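Here the structure is laid out as C-alpha cells; the discussion comes afterwards.
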Protein chains: 4
Amino acid sequence: MKLTVLSYKGGVGKTTTSVHLAAYLSQRGKTVLLDADPNSSSLEWAEMGKLPFEVRPLEDPGKLKKFAHIVTDTPARPRNKTLRELVRESELVVVPTAPDQLSMRALLKTVEALREFLVPYYALITLIPPPPSKDGSEARKTLLEAGVPTLRSEVRRWAAFNRAALAGTTVREVRGDPRAPLAWLEYEAVGRELEWLSQG
Amino acid sequence: MKLTVLSYKGGVGKTTTSVHLAAYLSQRGKTVLLDADPNSSSLEWAEMGKLPFEVRPLEDPGKLKKFAHIVTDTPARPRNKTLRELVRESELVVVPTAPDQLSMRALLKTVEALREFLVPYYALITLIPPPPSKDGSEARKTLLEAGVPTLRSEVRRWAAFNRAALAGTTVREVRGDPRAPLAWLEYEAVGRELEWLSQG
Amino acid sequence: MKLTVLSYKGGVGKTTTSVHLAAYLSQRGKTVLLDADPNSSSLEWAEMGKLPFEVRPLEDPGKLKKFAHIVTDTPARPRNKTLRELVRESELVVVPTAPDQLSMRALLKTVEALREFLVPYYALITLIPPPPSKDGSEARKTLLEAGVPTLRSEVRRWAAFNRAALAGTTVREVRGDPRAPLAWLEYEAVGRELEWLSQG
Amino acid sequence: MKLTVLSYKGGVGKTTTSVHLAAYLSQRGKTVLLDADPNSSSLEWAEMGKLPFEVRPLEDPGKLKKFAHIVTDTPARPRNKTLRELVRESELVVVPTAPDQLSMRALLKTVEALREFLVPYYALITLIPPPPSKDGSEARKTLLEAGVPTLRSEVRRWAAFNRAALAGTTVREVRGDPRAPLAWLEYEAVGRELEWLSQG
DNA sequence: TGAGTTAGAATGGCACCACCCGTC
DNA sequence: GACGGGTGGTGCCATTCTAACTCA
C-alpha cells in the first residue's frame, strides 16, 4: 500500500501516525517510511531506537521496489507543487487532525486542497482527550456535517505515545505503561480500516 | 514592544501564545498582531469574535506607527530569508514548545537558527499536562541542560484555550469555565516576565 | 513587616486574613502570627494541621527577635487600652470587612478609632459573593465615599477557605478544589499590595 | 418570652436572628429588643427604618414591665460576669452559628460556658449556603455528635437578609425579592419551634 | 408602577478518567 | 507485572442572584 500522511497544521499527530501506520504495515510486508518533513521528525525517531521498518529521507529515497508498503510523512505546509508530487504516487491519503478548533480549521483547508487531486483521502481524529471531554465526538460530528470522509477508528491522547517517541520505538514496544497496549490497538484498528478501504 | 512568536513545529501553542500575548500587551498600549502564518490562524481567530487588538496579515500590514506594541505570529517553518526579515525587526523572540519529545527536538533546531541573529530569544513551555505528569519540569530541565534561555512562566494545557479559540476571544473572556481565569493568569505572568526582560 | 489585623466585628475574615497574610510573608522571611483573640481561632487553626509559620498566643509571645515578620490577629472588640498597645507596635493595620451592611457599619467605627493613632491602616473587602452580586463593588464605592483607604486587592467568598480551616492549612495547600489556587492568588495580591504600601 | 441570643463569635447572624425573632414575637405581644452589643448593630438597624418593636440599649433599658417578650442581643465575647447577668434573666438562650469550621469551634466554647448556668439553650444553624453544599447538614451532624441541643429549624444564607439590614426592616417587609418571603418563613419556623420548646 | 418570568453568570459538588508512585 | 491511593482536569447538574422583559 502507498500511504501519504498529510496535514497543513503541525502538532496533530502526523509523525506519530506515520510511524505507527508504517509499523502496522510492516507486519504485512516490507515497509519503508519516507520522511519529507524539514524537521526530519521521523528520521530522528528512527535514530533514537529501533523501528521495525526503514526510514529514509524523501530527497534520497533510494530504490523502493523491494518494499510492499510505502508511507510518506509530509511537511506541515507543502507547497502546491510538492503536494501534487506527494499525492500523485499515493493510493490513499490520511489527514490526521486534533479535535480542537485550530486544527479542524486547518483540516478543512487541507481537504479542500486535496479535492483537486483524484486521490481518496480520509481524516483521522487523533489526540482525543479522555472523557468526559466530548471533543472527539464533536469533532466527528463537525467533519460529518462538512462532508469530510473520516475514519471510524480514532486515536486518543496517551502519555505512552510520548514515551515511544522518547525511546525511538512504537507504543507496541513501550514497557511499564499499562495503557501502551491500548494505544497500539488503536493504531492497529486504523491500519485495518485503511486496508479494508484500499481493498474495497 | 516588538515581539515575534516563532516555532519550527506546529501545534505547540504558537497562535494561542501570539493572541494572548497581544491581549496582554493591549492592556498597556495600542497593539497589533501580524499574522504571517499561511493557515491564517490568528486572522481566523479574530474573525470569529472580538479581540482587544487588531489582527492584520503580514503581507499587508498597513501603517504601524500608531501601535505601541507589535506581535508577529510566524509560519511553522519559515525559510531562512523570511526568518531573517521577521527577526530583524523584533526586540524579542518567544519560542513556544510543548513538553514532548518531538516538540523539544524542533525547539532545539529553532534555537540553533536563532543563534545566528543577534536577537534575544526565550523558550516558553506550553501545553503542560496536569500533575502528576512531570513532563513540564522535565522539559525545563532538558532546556536548562541544553543552555536554552527559558521563561520561568509556563502555560498549562487547559480546555479553556480551545473554548477561547472557538469563541474568537481570549481565555480572559471565556465564561462558564472556572479554570479560564487561571489560564489567563498564566499568560499574564508570561507577559510580565517578557516586559521585565525587555526593560532589564 | 509588622502587621495587625483588626476589626470591631467578627465573621469578616479576620482570622482567615491573618493566617493567609502570615503565610504570604513566610515566603519572604521567618514569620510569627500572634493570636490575641480570646477564641484562639488562629491557634486552633494551627493545631489542626501544618502552617508554614509559628502561631503563638499574644499573652506569651516569647522572643520575637528572630522573626522578620509579625502578624497580630486581634480580638473582635478590643478595649481602647488594648487597642493602643496592639497598634503601637504595628507598621500597618489591615481592617477586613465583609461587603454587607452590618459589617460596613462596624468598619466605619473601627476606622474612626484608628484615626487617633498615627498608624497607616487599610480596609480589605473580603467574603465577596460571586457575580452577578454587586456587593463587592458597592462596598468599595461606599468606602471611597467615606474616605476610607482601601486595598485594591480583594478576597472573594470561596468554599476553599473553609476547607483550609478544616484541614488546618492555607488554601495554597488545599487539594481537590480547582478554585483553591485562585483563592490563594487573591491573598497573594493582598500581600504584594501591602508590601508595596509599606515600602513606598 | 425572655430570649437571649448569644454567640462567642461574630458574623454568625446574631443580630439578624435577634431582629427577626423579635419581629416574630411582636406578632404575639408587645416586644422589646435589648441591644447589648458594643457595636450597637440592632440599634442602628432600627434607626435606619421601621421595625415592629422597640429597640433599646441594655445599659438604659427603661421599664420593661409592659413588654410580653424581651429579646437580648449580646456582645460577641461577653465576660463571664456579664454573661451570668444576661443569662440569669432568660428563659431560653439561642446560639446562632454558621456552618463553617471557625464558627463551629466557637459555638462549642459558647455552649461549654452555658452548661454552667441552668438555662435551656439551643444552637441555631444560620447562613447555610445553597445546595449542593452540604455544609448545613454536616454542621448538624457535628452538633448532634457533640451532644449540643440544636433547633431543627435552620436559616439559609439569602441576599434578602442584607437587603433588610440595608432598609432597616425585616425580610418580611423586603419588596422585589422573590426569596424574601421564604427567608421570613424560615425565621417564623424558628420562632414557632422556640415557642413550642418554652411551653413544653 | 409593581409582580412574575426568563436568561445569563457563577459556585459547589460529583462522576469519570488519566497519570504517577508506591506496594505486593 | 498488577493493583490501589493520591492528585487533578473536564463536564454536568442544582442552585442563587441580577437584569431585562412582559403583563396587568
Side-chain angles (χ1 to χ4, degrees), chain A residues 99-100 127-138 156-163 174-183 186, chain B residues 99-100 127-138 155-163 167 171-183 186, chain C residues 99-100 127-138 156-163 166-167 171-183, chain D residues 99-100 127-138 156-163 174-183:
Chain A
D100 62 70
L127 289 167
I128 301 178
S133 165
K134 296 179 304 182
D135 289 5
S137 55
E138 280 174 6
R156 276 187 277 177
R157 184 182 70 196
W158 300 103
F161 285 119
N162 193 26
R163 288 207 176 82
V174 167
R175 299 288 161 240
D177 186 328
R179 287 176 205 70
L182 277 172
E186 295 188 336
Chain B
D100 62 69
L127 290 166
I128 301 179
S133 164
K134 296 180 302 183
D135 290 4
S137 54
E138 281 174 5
V155 182
R156 277 183 278 177
R157 185 182 69 196
W158 300 104
F161 285 120
N162 193 24
R163 287 208 176 84
V171 279
R172 196 179 37 178
E173 274 77 37
V174 166
R175 300 287 159 239
D177 188 328
R179 278 173 271 287
L182 227 45
E186 297 190 335
Chain C
D100 62 67
L127 290 167
I128 300 179
S133 165
K134 296 178 303 182
D135 290 4
S137 54
E138 281 174 5
R156 277 183 277 177
R157 185 181 70 197
W158 301 102
F161 285 120
N162 193 25
R163 286 209 177 82
L166 202 67
V171 279
R172 197 180 35 178
E173 274 77 37
V174 167
R175 299 287 160 238
D177 187 327
R179 290 182 239 328
L182 229 45
Chain D
D100 62 69
L127 289 167
I128 302 179
S133 165
K134 295 180 303 183
D135 289 4
S137 55
E138 281 174 5
R156 277 186 277 177
R157 186 180 69 196
W158 301 102
F161 285 120
N162 194 24
R163 288 207 175 83
V174 166
R175 300 286 160 240
D177 186 329
R179 277 174 272 283
L182 277 173

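Remember, it's a predicted structure, so these values are computed and weren't measured experimentally. Chain naming here is simple, since letters A, B, ... match the order of the sequence lines and numbering starts at 1 in each.
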Value in whole Å for how far the P atom of E/dT11 lies from CZ of C/F161: 13 Å
Check: B/R157 side chain, F/dG9 base, donor-acceptor under 3.5 Å: no
side-chain N/O C/R179 vs E/dG13 OP1/OP2, d < 4.0 Å: no
Identified side-chain contact (heavy atoms from CB on, under 4.5 Å) counterpart of D/P129 within the set D/S133, D/P131, D/P132: D/S133
Gap between atoms CD and P, on B/E173 and E/dA10 respectively (whole Å): 11 Å
Selected nucleotide, minimal atom distance to C/W158 side chain, candidates E/dC20, E/dG12, F/dT15: E/dG12
side-chain contact (heavy atoms from CB on, under 4.5 Å) evaluation trace for C/W158 with C/L182: CA-CA 9 Å; C/W158 301 102; C/L182 229 45; 4.2 Å; yes
Short side-chain N/O contact from C/R175 to OP1 or OP2 of F/dG6, under 4.0 Å: no
Phosphate OP1/OP2 of E/dC14 contacted by D/K134 side-chain N/O (<4.0 Å): yes
Minimum-distance nucleotide (side-chain atoms of A/A159 versus F/dG1, F/dT18, E/dC19): E/dC19
Euclidean distance, atom CG of residue C/D177 to atom C1' of F/dG6 [Å, nearest integer]: 16 Å
Length of the line joining A/D135:CG and E/dC17:P, which is rounded to integer Å: 16 Å
Rounded distance (Å) that lies between atom C1' of E/dC19 and atom CG of A/L182: 14 Å
Sugar-phosphate only, base, or nothing, as touched by C/P130 at under 4.0 Å among non-hydrogen atoms: sugar-phosphate
C/V174 or D/P178, whichever maps to the more 5' nucleotide of DNA chain F: C/V174
Minimal non-hydrogen separation, A/R156 against A/E186, with atom names: N-OE1, 2.8 Å
Nearest-0.5 Å distance that lies between atom CG in B/D135 and atom CG in B/L127: 11.0 Å
B/R163 CZ to F/dG9 P, straight-line distance once rounded to whole Å: 14 Å
Value in whole Å for how far the P atom of E/dA18 lies from CG of A/L127: 15 Å
4.5 Å side-chain heavy-atom contact, A/P99 and A/S137: no
Whichever of D/P131 and D/G176 has its nearest DNA chain E nucleotide further upstream toward 5': D/G176
D/R156 side chain near F/dT16 phosphate (N/O to OP1/OP2, under 4.0 Å): yes
Rounded interatomic separation in angstrom, taking CD1 from D/I128 and C1' from E/dT11: 17 Å
